[in-house]
S.K.: 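One structure, pasted below without further comment.
Chain identifiers are assigned alphabetically (A, B, ...) following the order of the sequence lines, protein sequences preceding nucleic acid strands; residue numbering begins at 1 within each chain.
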Number of protein chains: 2
Amino acid sequence: MVVHQLDEDEVDRIFAALADPTRRDIVARVLTREASVSVLAQRYAMSFAAVQKHVAVLERAGLVNKQPHGRERLVRGDVDTIRAATRLLDQYEEIWRGRIVRLADLLATPGEGESP
Amino acid sequence: MVVHQLDEDEVDRIFAALADPTRRDIVARVLTREASVSVLAQRYAMSFAAVQKHVAVLERAGLVNKQPHGRERLVRGDVDTIRAATRLLDQYEEIWRGRIVRLADLLATPGEGESP
DNA sequence: CTGATGTACAACCATGTTGTTGTACGTTAG
DNA sequence: CTAACGTACAACAACATGGTTGTACATCAG
């Protein structure tokens, strides 16, 4: 299992994608069962194109992937990306605990030097 | 310990707040050591007012809180909110595992009825 | 072939975000 | 008291976001 290391932009996209109720709902649904975009779209009070855009945001974030199947695109949730985000949040808790890990590389700005 | 139940808007604010590198960096910093807004501002290549806004976004999300201290406002990270977000992501993994929990209330839209 | 379905994508509008500068005001230092 | 500091907030510009409608095109059903 490749434990994909996230760069800043990927983290941005993941959290931004999760910051919308419709998208969180889509993720929850397609984690258990894949669904075509149009089937998903039926569930929400917005146009097909709007749902399509939400799926695109999730796909760019790596939270779902689309697989062509005839004229449909089956959307599946990617639990690995969820896990990567969870791990990231866990690291904040580690920081809080004082075990700084090497979060410096991941989140902190350079130019440090907290002195001895 | 009160395990604050998050509503949709709070979740929106938390993830949106985390979807920015400057804000994630601020959170990481003030989790270990509180800092005034101006001290924080020195670290970033943007105006004081811009940093002030980032702190405000974090505060609205409950990720930090500000405590007046003389003419300064000391910013401290709130690990409980981080934990709430972590728990939320964990629930997605639970969904994926098929143990649906009662996420329906939290994320799924109403009007369900997955057949007899 | 034809028509209905599923998707993609562009154009557009309204609103929110992220940065800026400028002003105002309370607090601390001297 | 006065000057410097720390913060708050408003106004503005640039850009991103989230929705809409319309068009185009591939695929499936008959």
S.K.: Tell me: CG of L58(B) to P of dT18(C), nearest whole Å?
M.R.: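 About 10 Å, once rounded to whole Å.
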S.K.: Atom CZ of R60(A) and atom C1' of dG18(D): how far apart are they, to the nearest Å?
M.R.: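 In whole Å, dG18(D) C1' and R60(A) CZ are 12 Å from each other.
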S.K.: In terms of side-chain heavy atoms of A50(A), which of dA8(C), dT20(D), dG18(D) is nearest?
M.R.: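 The answer is dT20(D).
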S.K.: The side chain of R71(B) lies closest to which of these nucleotides: dT21(C), dG18(D), dT28(C)?
M.R.: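 Per side-chain heavy atoms of R71(B), the pick is dT28(C).
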S.K.: Just one of K66(A), R13(A), R73(A) clears the salt bridge (Lys or Arg N to Asp or Glu O under 4.0 Å) bar with E59(A), so which one?
M.R.: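 So, applying the salt bridge (Lys or Arg N to Asp or Glu O under 4.0 Å) to E59(A) and each of K66(A), R13(A), R73(A), only K66(A) qualifies.
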S.K.: Does OP1 or OP2 of dT17(C) have a side-chain N or O of H54(B) closer than 4.0 Å?
M.R.: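 Indeed not, no polar side-chain atom of H54(B) lies that close.
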S.K.: Treating R76(B) as the side-chain partner and N65(B) as the backbone partner, does any N or O pair qualify as donor plus acceptor under 3.5 Å?
M.R.: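 Checking the backbone N and O of N65(B) against the side chain of R76(B), no donor-acceptor pair under 3.5 Å is found.
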S.K.: Within the side chain of R23(B), is there an N or O that forms a donor-acceptor pair under 3.5 Å with the backbone of L18(B)?
M.R.: no
S.K.: So what does A49(A) hit on the nucleic acid, given a heavy-atom distance under 4.0 Å: a base, only sugar-phosphate, or nothing?
M.R.: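 Base contact.
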S.K.: So if I take every side-chain heavy atom of K53(A) and compare against dG6(D), dG18(D), dT21(D), which nucleotide ends up nearest?
M.R.: dG18(D)
S.K.: When we call it a touch if two heavy atoms are under 4.0 Å apart, what does S36(A) touch: a base, just sugar-phosphate, or nothing?
M.R.: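 Result for S36(A) = sugar-phosphate.
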S.K.: If I take atom CZ in residue F15(B) and atom P in nucleotide dT17(C), what distance separates them, rounded to the nearest angstrom?
M.R.: 17 Å
S.K.: Of H69(A) and F48(A), whose closest DNA chain D nucleotide lies nearer the 5' terminus?
M.R.: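 So the residue in question is F48(A).
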S.K.: Provide, to the nearest angstrom, the distance between the CD atom belonging to E72(B) and the C1' atom belonging to dA4(D).
M.R.: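 To the nearest whole Å, that distance equals 14 Å.
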S.K.: Do the charged groups of D80(B) and R83(B) touch, with an N to O distance under 4.0 Å?
M.R.: yes
S.K.: Rounded off to whole Å, could you give me the CD-to-C1' distance for the Q42(A) and dT7(C) pair?
M.R.: 14 Å
S.K.: Hey, is the side chain of K66(B) poking within less than 4.0 Å of OP1 or OP2 on dA8(D), counting only N and O atoms?
M.R.: yes
S.K.: Using a heavy-atom cut-off of 4.0 Å across all strands, would you classify S47(B) as base, sugar-phosphate, or nothing?
M.R.: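 Base, at least one base atom sits under 4.0 Å.
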S.K.: Give the rounded distance in Å between these two atoms: CD of Q52(A) and C1' of dC9(C).
M.R.: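 Rounded to whole Å, this separation is 8 Å.
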S.K.: L40(B) has an atom CG; how far is it from atom P of dA8(D), in whole Å?
M.R.: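 One finds 12 Å between P of dA8(D) and CG of L40(B), rounded.
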S.K.: Find the distance R73(B):CZ to dT28(C):C1' and express it as a whole number of Å.
M.R.: 14 Å
S.K.: Assess whether a salt bridge exists between D25(A) and R29(A), defined as any Lys/Arg side-chain N lying under 4.0 Å from an Asp/Glu carboxylate O.
M.R.: yes
S.K.: Taking only the side-chain nitrogens and oxygens of S38(A), find out if one of them lies under 4.0 Å from OP1 or OP2 of dT5(C).
M.R.: no
